[in-house]
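Just below is one structure, and these are the notes that go with it.
Read the numbers this way: they start at 1 and go in the same order the structure lists the ligands and their atoms.
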Amino acid sequence: MFSSLRSQLTLLLVALLVLLSLVTGYATLNTMREDSEQQARQILKVATNVFMQTLEVRSDQLTDSVRLLSTDFGFRQAVATAEQDTIKSVLENHGARINANIALLFAPDGTMLASSIAISDTSTLQQHFRQARSQQGASAGIVNIEEHAYQIALVPVRAPQVIAWVGMGFKVDEELARKIQTITGLDVSFSQLTLAQQRVFSSTLTQENLRNFVADLTAVSLKEQQIQVELPTNYISQAFALDQQQQLWAFLHLPSERWLTNYQQLRSQLLQIFGLGLALALVTAFIYTRGVTQPLYKLIDYAAAIGNGAMLTAPKIKLTEIALLANTLTKMRTAILLRENQLKEQAEHDGLTNLGNRLAVDKHLPTIFAAGSGQLLQLNIAKFKYINDSFGFTNGDLLLQQLALRLIPNEHIKLSARLSADEFLLVLAENITEQERSVLLQHIGQPFNLGGSVISLSLVYGSYFYQQGEQDVNKVLRRLDIALNTAKKQNLSIAVYQSGQDESHQRELTIIRDLPIALHSGQMFIAYQPKVDIVTQRSVSAEALIRWQHPQLGFISPIEFILLAERSGNISLISNWMLEAVISQLASWLPFHPELSVAVNLSADDLLDETLSSRIQIWLNHYKVPVSALSLEVTESAVMQDTGKVINNLQQLKNAGIKLAIDDFGTGQSSLAYLKSLPVHELKIDRAFIKDIEHNQQDELIVQATAKLAAGLGLTVTAEGLENQAGLSRVLAAGCQQVQGYYFSKPLAADAFSQWLGAFSSQKAHFFNAATDPAIPADAVQ
Ligand code: C2E
Ligand code: CA
Ligand code: CA
């Protein structure tokens with residue numbers, strides 16, 4: 001909720017303001033409270049002074065009256081007579097005159113001679129008297145008499161010696177309390193406080209407050225002459241002792257509300273101000289943060305727009321720092337645009353040659369195709385790898401750069417690009433003539449000078465004539481590539497794409513793609529073609545040939561897919577599959593055809609596989625098939641790749657007891673002498689020499705010579721591809737020992753082959769009898 005900058009800023013500002021208000025509010029209220037309390041205490045002090053003064057005035061008046069009485073002749077005489085009744089009536093008369101509540105007479109030694117009221121305990125009075133006597137003159141004070149406070153004045157009676165002391169007093173009572181209340185405006189209480197009892201004898205407090213007061217008094221011990229106590233509840237009271245024994249106390253009560261109200265009023269005012277301030281602060285914070293954040297939000301939108309590559313003008317911002325940021329963003333946008341363009345430029349260029357690259361081709365070809373028809377060339381440097389190997393990569397790069405210089409677009413070249421390390425694309429100008437083109441290619445192909453040495457590159461071209469409106473750049477480039485491959489395969493310097501090549505290319509890709517799956521999904525099976533010993537007229541061997549029935553493409557000839565498998569590096573999959581399948585088939589035939597031996601074809605790659613021999617032996621062991629039941633066929637060229645690995649492999653196979661035949665003999669660069677050193681048992685003369693042997697004397701001579709030499713080396717000679725009886729006598733005459741051909745049988749499915757073997761011994765007369773034609777089994781598989 002508070003994740004946005006704006007709400008956080010607002011929150012911060014408001015929190016600061018609240019904190020500030022709280023602190024100042026607290027401080028102000030505190031001082032105000034202290035102030036009010038101070039004022040209250042001051043009021044109490046002033047009232048106390050007023051009270052004291054009132055008491056003093058009363059005491060002075062009392063003293064004056066008593067002094068007057070002491071000098072009265074009649075009174076003195078009455079005292080002198082020491083007549084009790086007279087003294088008493090005089091005292092009463094005079095006391096009544098000044099409204100005294102008590103009148104007393106003491107002998108000079110302190111004996112109380114008369115009193116207007118009965119007093120049981122005179123001890124406090126005696127004490128007061130002794131004090132008065134020690135002062136030699138009049139004395140006034142408050143005395144506790146019979147559980148009541150009296151303000152008493154004592155004066156000596158002289159005649160002229162002191163013959164007695166006369167005293168008069170006022171009761172400290174509710175009347176006095178009311179009087180003081182009228183003057184000070186405060187409630188007044190008088191009380192007696194001793195350890196034994198706490199008693200309020202007069203008070204102006206209400207009943208309830210008085211009850212509280214009395215209750216609270218018990219808990220209070222007043223040790224000083226004057227003290228302020230917070231009694232009763234909601235009052236502050238000033239207490240002060242009236243008598244010397246500190247048993248009589250007066251209290252002036254100031255209700256707390258008198259000063260608290262004031263304080264509370266101030267407090268509520270302050271709270272109102274605080275609330276108003278907060279509201280104001282909120283509004284201010286809202287407006288302020290909007291002022292700060294709105295430009296920021298604008299800036300964020302702007303930055304996002306830059307990120308999206310949209311072209312917005314920078315927002316107008318007044319806040320200096322943010323405006324600076326906006327400025328920076330604008331500069332950044334310009335820099336980004338510049339850099340983007342540079343990158344785009346670079347992305348479409350080849351770093352080494354500075355020609356266009358594949359991206360540039362994808363970008364520009366559609367426009368070129370839309371404009372009209374013309375010719376595309378794909379140039380490849382044949383065997384560029386060897387140049388790198390022999391001259392080093394640096395020189396290789398220099399050569400590429402020199403070549404690229406000749407490919408820079410000009411009047412004859414519309415577009416040029418480097419497609420891969422050693423391949424370039426050229427789009428020729430639409431109006432280029434045949435002659436101009438050959439001059440151009442000649443110029444491109446001229447030797448290069450590399451640090452003094454002259455180097456000729458062998459350049460191969462694929463060519464494609466595009467039509468106006470061609471849509472598919474990829475298709476066009478693929479066709480160019482096909483044309484280039486054709487040129488390479490056929491050793492041409494240039495090959496033009498022929499319509500339909502693309503489709504065959506597609507077919508090849510499909511075959512290569514589907515091959516691994518086909519092996520494991522039952523699309524492949526094996527055909528067995530018998531080999532017949534034409535000398536003994538027996539058949540105990542055969543060649544295993546792979547068959548592929550593709551679900552979409554139909555039957556695919558091994559000539560087609562074996563080549564592709566070899567080129568795509570997948571041939572070992574086929575060889576392994578064949579070896580295991582043939583060995584397991586041999587295992588099931590073993591009881592019926594114990595002498596049978598089947599040959600499996602291997603490719604060049606298989607001979608480089610060091611595990612071949614051990615794998616074959618594992619399978620043979622596993623299926624319990626004797627090693628004599630399996631033989632292998634390899635072509636001359638595969639054996640001739642004279643690497644240590646191949647020789648080693650062949651030796652291992654020989655050591656294992658596996659027989660080896662040289663296939664298609666006569667088609668490669670044959671070297672019978674070389675064969676001598678190889679562990680080979682059989683030589684298969686290629687069909688090319690056999691198929692027309694009855695008509696072609698030269699073939700016959702070649703077969704004769706080959707058979708003779710091979711026999712000399714101890715090899716079995718097999719004639720491949722014999723189709724008719726006429727040839728049979730020729731190959732026999734030429735010295736061939738075995739024949740494999742349609743004449744005896746086409747390759748057969750496993751069951752049919754097994755049947756054929758069974759039938760052959762009984763029907764062989766047909767094959768070798770010149771009068772009758774052999775019957776070819778109906779279920780022959782090609
Ligand atoms: P290849 O090894 O020379 O096999 C003999 C080919 O000649 C077979 O063709 C066979 O059907 C054919 N042939 C035999 N007698 C006659 C005949 O009298 N007249 C004619 N016109 N043809 C005859 P296929 O089965 O189409 O095999 C073609 C080639 O495919 C084989 O030539 C071999 O190089 C390769 N191939 C077949 N199966 C395998 C295999 O399992 N592994 C490998 N590596 N290559 C195989
Ligand atoms: Ca073969
Ligand atoms: Ca062959």
Review point. What part of E720, side chain, backbone, both or neither, has a heavy atom within less than 4.0 angstrom of ligand 1?
Key: side chain

Exercise for review: For ligand 1, note which part of K746 has a heavy atom under 4.0 Å away: side chain, backbone, both or neither.
Suggested key: neither

Check your understanding: Where the Ca ion (ligand 3) is the centre, what is the OE2-to-OD1 angle for E720 and D664, rounded to 10°?
Key -> 150°

Check your understanding: What are the atoms of ligand 1, with element, lying closer than 4.0 Å to any heavy atom of L722?
Key -> 18 (O)

**Study point:** CA sep, side-chain torsions, deciding dist, call: R730, D699, salt bridge (charged side-chain N to carboxylate O under 4.0 Å, His left out)
**Key:** CA-CA 10 Å; R730 301 289 170 104; D699 285 348; over 6 Å; no

Practice item. Name the option, out of D606, T635, I559, that contains the heavy atom nearest to atom 29 (C) of ligand 1. Key: I559

Exercise for review: Examine F767 together with F760 and report whether their ring centres are nearer than 6.0 Å.
Suggested key: yes

Review point. Is the backbone of Q617 close enough, under 3.5 Å, to the side chain of N621 for a donor and an acceptor to pair up by distance?
Key: yes

Review point. Where's the contact between I562 and ligand 1, heavy-atom distance under 4.0 Å: side chain, backbone, both or neither?
Key: side chain

Review point. Hey, is ligand 1 close enough to E723 that some N/O pair sits below 3.5 Å?
Key: yes

Review point. When you look for heavy atoms under 4.0 Å from ligand 1, do you find them on the side chain of D663, its backbone, both, or neither?
Key: side chain

Review point. For ligand 1, which atoms sit closer than 4.0 Å to a heavy atom of D664?
Key: 3 (O)

Exercise for review: Looking only at distances, please establish whether an N/O atom of ligand 1 is found under 3.5 Å from an N/O atom of Q529.
Suggested key: yes

Point to revise | Side-chain ion pair, E423 and R358, N-O less than 4.0 Å | key: no

Exercise for review: Please determine if R478 and D502 form a salt bridge, counting it only when a charged side-chain N lies under 4.0 Å from a carboxylate O.
Suggested key: yes

**Study point:** Nearest candidate to atom 25 (O) of ligand 1, where distance is taken over non-hydrogen atoms, out of Q740, K684, R547
**Key:** R547

Review point. Checking D606 side chain against L602 main chain: does a donor-acceptor pair fall under 3.5 Å?
Key: no

Review point. Ring centres of Y528 and W756 under 6.0 Å apart?
Key: no

**Study point:** Ion pair check, R479 and E470, cut-off under 4.0 Å
**Key:** no

Point to revise | K654 NZ: over 12 foreign heavy atoms closer than 6.0 Å | key: no

Point to revise | Check: Y461 ring centroid to F424 ring centroid under 6.0 Å | key: no

**Study point:** Proximal atoms of ligand 1 relative to M578 (non-hydrogen, under 4.0 Å)
**Key:** 41 (O)

Point to revise | Close-contact set for ligand 1 against S603 heavy atoms, below 4.0 Å | key: 44 (N)

Practice item. Between F744, F561, Y743, Y742, flag the one that comes closest to atom 13 (N) of ligand 1 by a heavy atom. Key: Y742

Practice item. Using a 4.0 Å heavy-atom cut-off, say whether M524 meets ligand 1 through its side chain, its backbone, both or neither. Key: neither

Point to revise | Closest approach to the Ca ion (ligand 2) by E633, given as the N, O or S atom name | key: OE1

Exercise for review: Out of I571, N601, I690, D686, indicate the one that has the non-hydrogen atom closest to atom 42 (N) of ligand 1.
Suggested key: N601

Study note, to complete from the structure: Among the N/O/S atoms of D663, the Ca ion (ligand 3) lies closest to OD1

Point to revise | 4.5 Å side-chain heavy-atom contact, L407 and R418 | key: no

Practice item. Within a distance under 4.0 Å of any heavy atom of G741, pick out the atoms of ligand 1 and give their elements. Key: 15 (N), 18 (O)

Point to revise | For ligand 1, the portion of E543 having any non-hydrogen atom under 4.0 Å away | key: side chain

Exercise for review: Of all N, O or S atoms in E543, identify the one at the shortest distance from the Ca ion (ligand 2).
Suggested key: OE2

